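Below is one structure, written out as structure tokens; the observations come after it.
Computed from heavy atoms alone, side chains included, the values below leave out hydrogens, waters and symmetry copies. Please read these numbers as outputs of a predicted model, since none were measured by experiment. By convention in this document, chain letters (A, B, ...) are assigned in the order of the sequence lines, proteins followed by strands, and residues within each chain are numbered from 1.
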Amino acid sequence: MPSQLVKEYFRTENLPHIWCPGCGNGIVTRAIVKAIDNLGLNKDEICVVSGIGCSSRASGYLDFNTVHTTHGRALAFATGIKLAKPNLNVIVITGDGDASAIGGNHLIHAARRNIDITTIVFNNNTYGMTGGQYSPTTPTGDKGTTAPFGNIDTNFDLCELAKAAGATYVSRSTIFTTNMLIKQVENGIKNKGFSFIEALTTCPTYYGRKNRKGEAVDMMVYLKENAINIAAYDKLSEEQREGKFVVGEIYKSNRPEYTEEYQRIIDSFSKGV
Amino acid sequence: MPSQLVKEYFRTENLPHIWCPGCGNGIVTRAIVKAIDNLGLNKDEICVVSGIGCSSRASGYLDFNTVHTTHGRALAFATGIKLAKPNLNVIVITGDGDASAIGGNHLIHAARRNIDITTIVFNNNTYGMTGGQYSPTTPTGDKGTTAPFGNIDTNFDLCELAKAAGATYVSRSTIFTTNMLIKQVENGIKNKGFSFIEALTTCPTYYGRKNRKGEAVDMMVYLKENAINIAAYDKLSEEQREGKFVVGEIYKSNRPEYTEEYQRIIDSFSKGV
Amino acid sequence: MSTKTQASLIVEKNWCKGCGICVAFCPKNVLEIKDGKVNIKDLESCIECGQCELRCPDFAIYLGGK
Amino acid sequence: MSTKTQASLIVEKNWCKGCGICVAFCPKNVLEIKDGKVNIKDLESCIECGQCELRCPDFAIYLGGK
Amino acid sequence: MLHQELRLTGSGGQGLILAGIILAEAALYDGLNVVQSQSYGPEARGGASKAEVIISSREINFPKVNKCDLMLALTQAACDKYYESIKPNGILIMDKSIPNIPARDDITIYVVPIIETAMNSLGYPMVSNVIALGTIYEITKIVSKASLEKAVCNRIPRGTEELNIRALEEGYNLIRNHKEECYGHGCRFN
Amino acid sequence: MLHQELRLTGSGGQGLILAGIILAEAALYDGLNVVQSQSYGPEARGGASKAEVIISSREINFPKVNKCDLMLALTQAACDKYYESIKPNGILIMDKSIPNIPARDDITIYVVPIIETAMNSLGYPMVSNVIALGTIYEITKIVSKASLEKAVCNRIPRGTEELNIRALEEGYNLIRNHKEECYGHGCRFN
Amino acid sequence: MIERNVKLMQGNEACVEAAITAGMKFYAGYPITPSTEIAEISAERLPKVGGKFIQMEDEIASISAVIGASIAGAKSMTATSGPGFSLKQEGIGYAVITETPCVIVNVQRGGPSTGMPTAPGQGDIMQARWGTHGDHSIIALYPWSVKEIYYTTIKAFNLAEKYRTPVILLLDEVIGHMRESIELPNEGEVEIYNRKKPTCLTEEYKPYKVKEGDIVPEMAGFGEGYRFHVTGLVHGETGFPTNNGKIAEELIRRLIGKIEDNKDDIVETDEYLLDDADIAIVAFGSTARAAKSAVDTLREEGIKAGLFRPITIWPLADKPLVELAKKVSRIVVVEMNLGQYYLEVDRVAGKYTKVDRFGRVNGDLITPQEIVDFVKEV
Amino acid sequence: MIERNVKLMQGNEACVEAAITAGMKFYAGYPITPSTEIAEISAERLPKVGGKFIQMEDEIASISAVIGASIAGAKSMTATSGPGFSLKQEGIGYAVITETPCVIVNVQRGGPSTGMPTAPGQGDIMQARWGTHGDHSIIALYPWSVKEIYYTTIKAFNLAEKYRTPVILLLDEVIGHMRESIELPNEGEVEIYNRKKPTCLTEEYKPYKVKEGDIVPEMAGFGEGYRFHVTGLVHGETGFPTNNGKIAEELIRRLIGKIEDNKDDIVETDEYLLDDADIAIVAFGSTARAAKSAVDTLREEGIKAGLFRPITIWPLADKPLVELAKKVSRIVVVEMNLGQYYLEVDRVAGKYTKVDRFGRVNGDLITPQEIVDFVKEV
Ligand SMILES: Cc1ncc(C[n+]2csc(CCOP(=O)(O)OP(=O)(O)O)c2C)c(N)n1
Ligand SMILES: Cc1ncc(C[n+]2csc(CCOP(=O)(O)OP(=O)(O)O)c2C)c(N)n1
Ligand code: SF4
Ligand code: SF4
Ligand code: SF4
Ligand code: SF4
Ligand code: SF4
Ligand code: SF4
Ligand SMILES: [Mg+2]
Ligand SMILES: [Mg+2]
């Protein structure tokens with residue numbers, strides 16, 4: 001018998017999910033659901049849109065209005081949905097590859113428009129679904145099945161990218177700092193505009209194994225030990241920052257939201273009538 | 001009879017070009033050629049790759065190895081070219097739409113890889129070729145044929161985006177500040193890595209007319225009057241910055257270059273032989 | 001200390017994949033892996049902090065109280 | 001002041017589209033538009049600063065000196 | 001049976017496509033069948049521009065103009081490019097600013113100061129297209145005057161009706177008042 | 001004429017695909033025709049895994065195994081899913097850890113402590129697959145021992161040759177030494 | 001001077017007006033010649049009827065947004081030309097398998113690749129049928145006049161809704177850009193089909209279950225209380241993905257069958273002087289206009305020619321074509337390509353009569369005279 | 001125990017090994033099941049032979065980089081499956097019109113859309129021919145065994161270079177993932193074709209002029225002193241764009257003609273027991289393996305069946321098919337789709353004999369027994 005939370009928000013008939021033992025995707029998915037529960041939103045008014053990838057399979061398990069789209073295009077689908085039904089709370093679930101490799105363009109444009117969509121990137125530093133190729137977030141030097149001699153690409157700082165593109169809420173958390181993640185999803189949904197939340201998660205099966213990062217637990221310990229809260233991080237020297245990464249609410253701002261602006265145009269015509 | 005510079009570097013049999021009277025594209029194109037001339041590069045070792053758009057037509061007029069690709073993909077083509085022949089100086093000519101609408105993803109990924117390509121964006125704040133639709137750089141509120149009631153999108157700051165994505169040389173200039181532009185192209189080419197140069201230019205035919213910006217000359221005067229050098233800009237107050245934009249070398253850094261890193265892998269195998 | 005009932009910490013064995021995350025991060029060493037699944041070895045010590053529920057990727061362990 | 005020759009400032013009329021940019025930004029008011037094309041109205045005043053060449057979008061005017 | 005194919009040529013920005021649309025709309029008001037089309041796209045940029053109108057009392061199948069009954073030319077380039085497409089006994093209306101008159105003696109050529117009239121008499125160069133429509137009307141009467149004026153007013157920016165009606169009249173007059181002068185067949189040797 | 005279709009089943013991570021490859025390669029060394037394939041992709045993730053090998057003295061056309069001559073099962077789930085596909089008179093080798101033995105009396109069933117042997121005798125659970133190959137060899141002799149050993153050494157990480165040869169031998173012995181014991185036909189009623 | 005509710009309208013404009021009449025509430029697109037006016041006019045018109053227009057970052061984003069909006073409940077359309085049509089193919093396949101109604105307009109230009117952007121072409125006939133990967137069927141319509149663009153666009157929306165499928169509306173540069181007169185119908189004069197929505201209890205809703213007697217599953221919109229899942233993976237009645245081969249086969253066969261088995265409803269063709277014809281010219285879109293003129297000329301010259309014009313390009317009008325083939329001694333397929341629709345005509349009609357093709361790819365509309373010459377010469 | 005230079009190799013692996021033998025020096029790709037091993041093995045192998053591998057941000061970038069690298073002089077390849085193949089279509093058209101040699105591998109899976117990613121399919125047969133917009137022709141090859149994958153990949157590179165055109169190599173999940181024995185040839189044992197380079201003076205080089213007696217223009221590489229222009233617009237011999245209709249028509253006809261008129265060189269087919277056959281089964285790829293077994297079974301049962309197997313799928317093997325049709329009383333086309341290649345077989349062979357189709361789309365390879373049953377039943 002599943003927990004109240006799971007019973008309320010999951011399509012339990014589709015569980016257990018397909019994810020590997022110890023895969024972090026389940027932790028992030030539960031965190032999102034918990035945030036929704038905390039906000040007390042109406043399930044009928046929530047729409048979860050995902051792309052393609054292990055992480056993107058999450059949409060199928062959730063008892064909302066859900067779409068599992070094509071690889072990389074979740075944000076474009078979500079844009080259409082949000083414009084057609086602006087009253088929906090639109091949440092995009094996507095992987096690092098889905099969001100920032102094939103889907104990178106839709107990410108920056110959704111951010112630029114500041115359309116009211118909350119995007120949660122399940123960043124496991126690899127393409128899990130296809131078996132562990134390097135992704136735009138695989139750290140330089142790490143291995144992937146397509147980087148047998150070590151990755152020579154530089155990895156994106158997705159939060160910096162989202163911010164430069166125009167997102168009005170940008171944050172990062174991990175599957176270890178789960179409560180922080182829940183809070184961020186809440187704040188992201190509350191932000192009237194484009195919210196970008198990077199959830200650092202783990203793929204023990206491929207990325208972990210390829211890079212000798214140990215089991216699921218070891219990988220979580222790694223996240224625990226190297227995540228530094230933004231306030232603390234700012235005070236560290238370059239040296240101290242080595243190997244660490246920031247978590248927390250990285251950027252917030254206020255700009256007109258896209259669907260509201262559009263509504264203003266419509267209203268300018270209907271006013272006359 | 002054309003000038004020495006034009007005779008040397010242009011395919012004069014294809015001139016005069018198709019651009020409208022007063023279109024800034026010719027000014028940027030000449031500036032690029034002038035920079036190449038200043039650097040004394042070998043024409044056989046220069047490759048100019050462009051996308052699709054008015055500006056992207058430039059490649060056909062230039063007497064180098066030139067490719068006029070598909071819309072938005074110039075940087076992806078250029079990546080293949082640069083990897084296949086790393087000794088070529090690869091220069092990408094692209095429009096604001098080509099580079100940042102349909103081509104936005106290739107832009108951020110080329111920047112992330114820090115591949116040694118110099119990209120010059122002819123930013124005329126519109127899709128010129130198709131007749132003046134709004135583009136990702138059309139200022140909010142301005143009109144385009146697809147924004148008859150004023151653009152509700154926020155425009156990209158392309159330089160910030162390129163920087164966040166990983167470009168190691170980022171600058172902006174205008175068709176009025178032509179000598180600055182020439183210098184920037186020189187420095188961009190000299191930078192071993194991904195260089196991003198935004199050349200603010202004009203489309204008097206569509207963007208100018210739609211937005212009552214006057215003739216070509218008026219539009220240049222506007223660029224002249226509102227461009228503030230980066231050093232000066234930093235000292236201005238928020239208020240004083242209103243309506244102004246930065247020109248100059250905005251960002252420089254140093255990271256391993258992609259094709260060199262790849263060569264290192266190859267060398268690690270041939271060493272043994 | 002009051003005696004805990006089974007209802008306070010519930011395991012959905014069918015869903016548990018035995019990843020060991022709950023075991024590793026339980027502050028009170030309440031849990032263990034047995035035959036490839038989670039097992040409550042010391043319910044008494046459980047402080048109902050919910051860390052296990054928060055981090056179980058398979059929704060297989062949770063506090064029954066709420 | 002020495003008399004300028006035609007060779008110092010050259011116009012390729014076929015390519016000129018009469019946009020007026022060179023005219024507007026010539027610091028010495030050397031140029032004008034006539035019949036829809038650029039015309040050198042006062043060669044004498046030209047200081048060969050090259051501003052016109054630098055900014056002509058049609059490569060239609062340039063200094064012959066170099 | 002009425003069937004006329006007209007070609008309006010010049011350069012981009014001269015409003016010839018709008019002129020074509022107005023003419024077509026006027027014919028439509030008259031209950032005639034009509035197809036209007038234009039050359040389009042980047043090659044039109046700064047270069048030649050072309051609008052075509054077919055007006056017919058029967059159904060129009062093939063929508064493109066090949067040989068035309070009447071051609072208007074506002075620039076030399078356009079004139080040179082298309083004058084051969086005028087049918088024998090066809091009509092060419094050309095602006096007076098065009099220096100070279102094509103060597104065809106099987107057509108009627110009207111050399112008319114359209115652009116000059118727009119600039120000097122009306123002070124608005126952009127109404128050349130409407131003046132041209134006036135000349136076409138006066139020469140061909142292919143549409144009714146009422147329809148033409150209605151079509152003009154329907155398609156031009158609000159507030160410029162008066163100017164445009166005046167432009168039409170200038171067009172009528174250019175032909176009407178100068179029939180015996182330099183317009184007409186003889187002019188082609190000017 | 002030799003024609004044998006084999007199916008190795010278990011769960012992801014048990015190295016069954018590698019075992020299939022090794023078996024196929026051994027047959028290839030013997031000059032036999034061979035096709036190896038596997039089920040693949042996300043549904044294999046954490047779930048059932050399956051490798052198939054067809055070994056034949058004639059050309060192999062259809063590359064998939066439908067009914068098999070021999071099946072290896074290392075997990076209950078895999079055993080349940082596939083045991084019906086064994087041909088009558090076929091062979092099932094199942095790991096001793098599997099509680100439920102399928103109810104088929106038209107096949108020979110060997111219940112063998114493969115995983116246990118890997119864990120306890122050799123101390124390396126990951127060599128279960130090679131032990132399993134040893135049992136298959138000993139039961140079927142479908143490939144030569146030399147080829148099998150060569151194929152194993154060719155495909156396993158360098159430096160683990162000795163361990164793997166020992167694993168093979170454990171496999172041979174599991175069958176050889178216990179023929180009369182609990183392995184074989186009678187066991188299915190255990 | 002006759003006063004009617006008649007307007008001079010461009011083809012692309014008629015397309016937008018019709019779409020709005022049909023109930024379009026969402027348009028997402030990316031400009032490309034010669035389709036751009038459809039975007040421009042939609043941008044102007046939609047907010048005035050409470051609809052939404054968005055210019056997306058590219059064509060892939062456009063088709064994605066269109067599908068998203070349609071799933072959310074809005075009748076949606078996008079328009080493009082060759083290069084953009086190629087880019088939309090993955091999305092079209094997604095609309096096929098998820099059964100999402102939408103209209104994709106392709107105003108054809110000269111190709112392949114960037115080709116001749118401002119010239120007409122008919123090179124995407126086969127791509128419309130086969131452009132996306134995997135086995136599927138499609139509906140594609142191709143009108144020949146401004147008036148017909150209007151009615152065919154409405155039909156495209158209606159078929160999209162009725163069959164829950166993407167519908168391709170093929171135009172070409174000639175008919176997209178030309179202006180003709182059109183008499184706009186008054187409200188209520190045209191039939192508008194709206195997707196069938198579920199009325200069952202929300203718990204009972206199975207988004208991919210076809211009710212007895214229906215062609216397609218009922219389609220709820222997001223936010224209406226029926227929470228359901230949509231995926232591009234093979235899925236069962238619940239919409240959840242499956243690896244079950246039987247379900248897969250059923251799904252794909254149903255998706256193809258709902259189109260191929262309903263040709264009587266979907267296929268529309270037009271004929272001109274075929275009753276006594278000896279030679280049938282088969283043509284569509286702007287080329288058919290030249291063909292009609294050619295038929296007149298041939299008749300004048302005593303040759304019994306007629307015109308067969310498929311308005312529904314896909315699914316194939318095989319029955320009418322076979323009938324035609326049995327009647328005439330020769331069929332000539334005329335297209336602005338070197339033989340695409342020809343292949344299918346040859347397949348179904350070639351068993352009964354001689355089938356020739358005449359094509360040109362120079363960026364100019366084929367002329368009546370060229371057709372006449374070809375018919376007489378071969 | 002026989003010692004030969006024989007290896008057990010996966011189909012996808014054989015593809016990479018062959019590509020390297022054929023001279024591949026550049027690979028750009030984006031992973032997708034079931035093609036991913038081709039990328040993975042290329043990543044491992046290429047730097048060892050001085051070549052370059054890059055994982056691009058998506059499939060569009062991959063095909064673009066591949067074309068760029070080829071223009072720069074490197075033999076180039078990319079591999080993908082359905083969804084990625086759809087995305088590459090615009091790029092493929094660009095390679096067609098710019099005459100850039102490259103090899104695009106499509107390891108087919110179950111479709112449409114995301115479909116059944118790990119199951120085999122043959123749903124992209126028509127898409128390979130018609131997936132990109134505008135009129136064009138294409139070469140597509142489809143081997144059926146690991147060994148044949150090896151030789152066909154080499155052929156794909158050779159044809160790409162010889163005809164300056166993209167070549168599609170069709171595989172499917174079954175043959176891509178299965179392992180078989182293959183005897184690798186020694187150096188010099190296989191014929192490798194390299195693009196013909198210009199030798200004229202650099203000033204005289206016209207990148208799109210076909211020399212007397214040649215099939216395609218000579219192709220310089222960038223950085224070799226011949227500075228030339230490449231565009232996806234219709235272009236003349238200099239490579240510069242033009243709006244001249246005559247040049248456009250010539251170009252498109254030449255691009256199509258160089259493939260369609262050289263079928264004798266390009267088309268390869270295989271036959272099994274057709275000499276005295278009464279019924280011919282037409283099949284390709286993994287399905288042909290089932291069909292071959294079916295033929296054996298049918299023969300055992302006294303039915304004179306045979307197998308016709310096109311290795312060259314496009315251009316169509318029309319001559320051999322017509323010959324076949326004249327010989328047998330019935331043709332059965334067997335495909336893992338509901339009838340794609342069938343359409344073209346029916347077109348050319350249907351005039352002479354009865355053509356049936358048998359297809360399945362459940363994600364499983366068709367079995368010999370199913371074919372036998374179909375042949376006997378209908
Ligand atoms: C167009 C297209 N290209 C490629 C694929 C194959 N593919 C599926 S998921 C995926 C990457 C997944 O990576 P990510 O988004 O990081 O998700 P993860 O599996 O790691 O959660 C790829 C390349 C596809 N399905 N569609
Ligand atoms: C795939 C594709 N989509 C759309 C187009 C149409 N198109 C050509 S150029 C262009 C935009 C050009 O804008 P920009 O890059 O800013 O160049 P500009 O013309 O302003 O210099 C568009 C949308 C195309 N050619 N290909
Ligand atoms: S492959 Fe990696 S990301 Fe995918 S389910 Fe397994 S652990 Fe998670
Ligand atoms: S349309 Fe604009 S960008 Fe294009 S050539 Fe004309 S002025 Fe330049
Ligand atoms: S609730 Fe806390 S103490 Fe109790 S088992 Fe879970 S993690 Fe351990
Ligand atoms: S975290 Fe969950 S799945 Fe993992 S062992 Fe604990 S209960 Fe089982
Ligand atoms: S060189 Fe300088 S002064 Fe002389 S004409 Fe040009 S701009 Fe004027
Ligand atoms: S800037 Fe050039 S094109 Fe413009 S008027 Fe001067 S010479 Fe002519
Ligand atoms: Mg990932
Ligand atoms: Mg632009």
Top of A:P204, A:A216, A:S3 for chain C proximity - count of heavy-atom pairs under 4.5 angstrom: A:S3
Enclosure of C:K34 NZ (heavy-atom neighbours >12, cutoff 6.0 Å): no
Top of C:Q51, C:R55, C:E12 for chain A proximity - count of heavy-atom pairs under 4.5 angstrom: C:R55
Within 6.0 angstrom of C:K28 NZ, more than 12 heavy atoms from elsewhere: no
CD (A:E13) with more than 12 external heavy atoms under 6.0 Å: yes
A:K224, NZ: over 12 other non-hydrogen atoms inside 6.0 angstrom: no
Chain C contact via A:L15 - side chain, backbone, both or neither, heavy atoms under 4.5 Å: both
Heavy-atom closest contact (A:I27 atom, C:L54 atom, distance): CG2-O, 3.7 Å
Chain C contact via A:V28 - which portion, at a heavy-atom distance below 4.5 Å: neither
Heavy-atom closest pair, residues C:F59 and A:H17: CE1-CD2, 3.9 Å
Which atoms of A:F176 approach chain C - backbone, side chain, both or neither, heavy atom under 4.5 Å: both
Heavy-atom pair with the smallest gap, counting every atom of C:P57 and A:C23: CB-O, 3.1 Å
A:V217 versus chain C, the contacting section by heavy-atom distance below 4.5 Å: both
Residues 18-26 of chain C: residues contacting chain A (heavy atom under 4.5 Å, by number): C:C19, C:G20, C:I21, C:A24, C:F25
A:L5, part contacting chain C, at a heavy-atom distance under 4.5 Å: neither
C:C16, part contacting chain A, at a heavy-atom distance under 4.5 Å: neither
